[in-house]
There are 2 protein chains.
Amino acid sequence: MFKELDPLLHSQLRLAVMSILISVESAEFTVLKEKTNSTAGNLSVQLDKLSEAGYITIDKSFKGKKPLTTCKVTNKGINAFEEYVNTLKEYIKK
Amino acid sequence: MFKELDPLLHSQLRLAVMSILISVESAEFTVLKEKTNSTAGNLSVQLDKLSEAGYITIDKSFKGKKPLTTCKVTNKGINAFEEYVNTLKEYIKK
DNA sequence: TAAATTAGTTTATATTATAAACTATTTTAC
DNA sequence: GTAAAATAGTTTATAATATAAACTAATTTA
């Protein structure tokens, strides 16, 4: 009756990150931090998890001499998000 | 931008339980256990949490001499569920 | 040039979800 | 009639998770 909710997406911060990345070409660490209102530490950890799952790619470069971390959602990430949403709808429909 | 997701509802099992209770008059422990495909221990703990939050009521009686645990959602529970769903929609809309 | 700010990472902690182990009856099988 | 299995749960231990605190390293500001 109730299918498993992908535990990687069933997390407030990771879901918010994916939600943002789904609708933009790419987003910088600092932007994600601001939009999700998260601490840098928490965000860093959750981005790594999404990256390890192959749901996003993380590019680390430099803007001048400051580190610049840029994230993009992958096709796998988009598919996982879509499926998460579909599964979730079974839980929240009345 | 992203509002807090009620942590009491942002749990697979508790959300499934609430989802069921929202659409029925009441449900027995054994029925919830079967429909959510959970272990009795896990279900017992999660029902207690929902009850302590005032989202459901738990009535313990006997069917003959066997224990019979019956759950109902409260108005508070219905409202919390509605708000959770509304908040969640901000995360999953594209 | 000392203090604060930026952009993160690593690590420790607190919370949570979950199942294993347990209790207490009741039914079934021999 | 009694030993073994099943029912209906609860309590407790453990594993996983989310989160923030503490840290690094460079940069800007005063």
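In what follows, chains are A, B, ... by sequence order, proteins preceding strands, each numbered from 1.
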Take the protein atom [atom1] of [X] and the nucleotide atom [atom2] of [N], then report the distance between them rounded to whole Å.
| X | N | atom1 | atom2 | answer |
| --- | --- | --- | --- | --- |
| A:Asp59 | C:dA7 | CG | C1' | 15 Å |
| B:Leu32 | D:dA8 | CG | P | 13 Å |
| A:Asp48 | C:dT10 | CG | C1' | 10 Å |
| B:Leu50 | C:dA17 | CG | C1' | 13 Å |
| B:Glu52 | C:dT16 | CD | P | 12 Å |
| B:Phe62 | D:dT7 | CZ | C1' | 13 Å |
| B:Glu28 | D:dG9 | CD | C1' | 13 Å |
| B:Leu47 | D:dT10 | CG | C1' | 12 Å |

Side chain proximity check, A:Thr87 to A:Phe2, heavy atoms < 4.5 angstrom: no
Taking a hydrophobic cluster as the set of Ile, Leu, Val, Met, Phe, Trp and Tyr residues connected by side-chain heavy atoms closer than 4.5 Å, whether directly or through intermediates, do [X] and [Y] fall within one such cluster?
| X | Y | value |
| --- | --- | --- |
| B:Met18 | A:Tyr91 | yes |
| A:Val85 | A:Leu13 | yes |
| A:Leu47 | A:Ile22 | yes |

Within less than 4.0 Å of OP1 or OP2 of C:dG8, is there a side-chain N or O belonging to A:Ser44? no
Considering only C:dA7, C:dT9, D:dG9, which nucleotide approaches the side chain of A:Lys60 most closely? C:dT9
Give me the atom names and distance for the closest heavy-atom approach of [X] to [Y].
| X | Y | answer |
| --- | --- | --- |
| A:Leu8 | A:Lys49 | CD2-O, 3.7 Å |
| A:Lys72 | A:Ser26 | CG-CB, 3.6 Å |
| A:Ser38 | A:Thr36 | OG-OG1, 2.9 Å |
| B:Cys71 | B:Ile58 | SG-CG1, 4.3 Å |

Across the strands shown, which category fits [X] at heavy-atom distances under 4.0 angstrom: base, sugar-phosphate, nothing?
| X | answer |
| --- | --- |
| B:Leu68 | sugar-phosphate |
| B:Thr30 | sugar-phosphate |
| A:Thr69 | sugar-phosphate |

Heavy atoms under 4.0 Å is the rule here; annotate nucleotides 24-30 of chain D 5' to 3' with B where the base is hit, S where only the sugar-phosphate is, and - elsewhere. --SS---
Determine, for nucleotides 16-23 of chain D in 5'-to-3' order, which nucleotides have protein heavy atoms under 4.0 Å from the base (write B), from only the sugar-phosphate (write S), or from neither (write -). --SBBB--
Please work out which of the three classes, parallel, tilted or perpendicular, describes the rings of B:His10 and A:His10, given edges at 30° and 60°. parallel
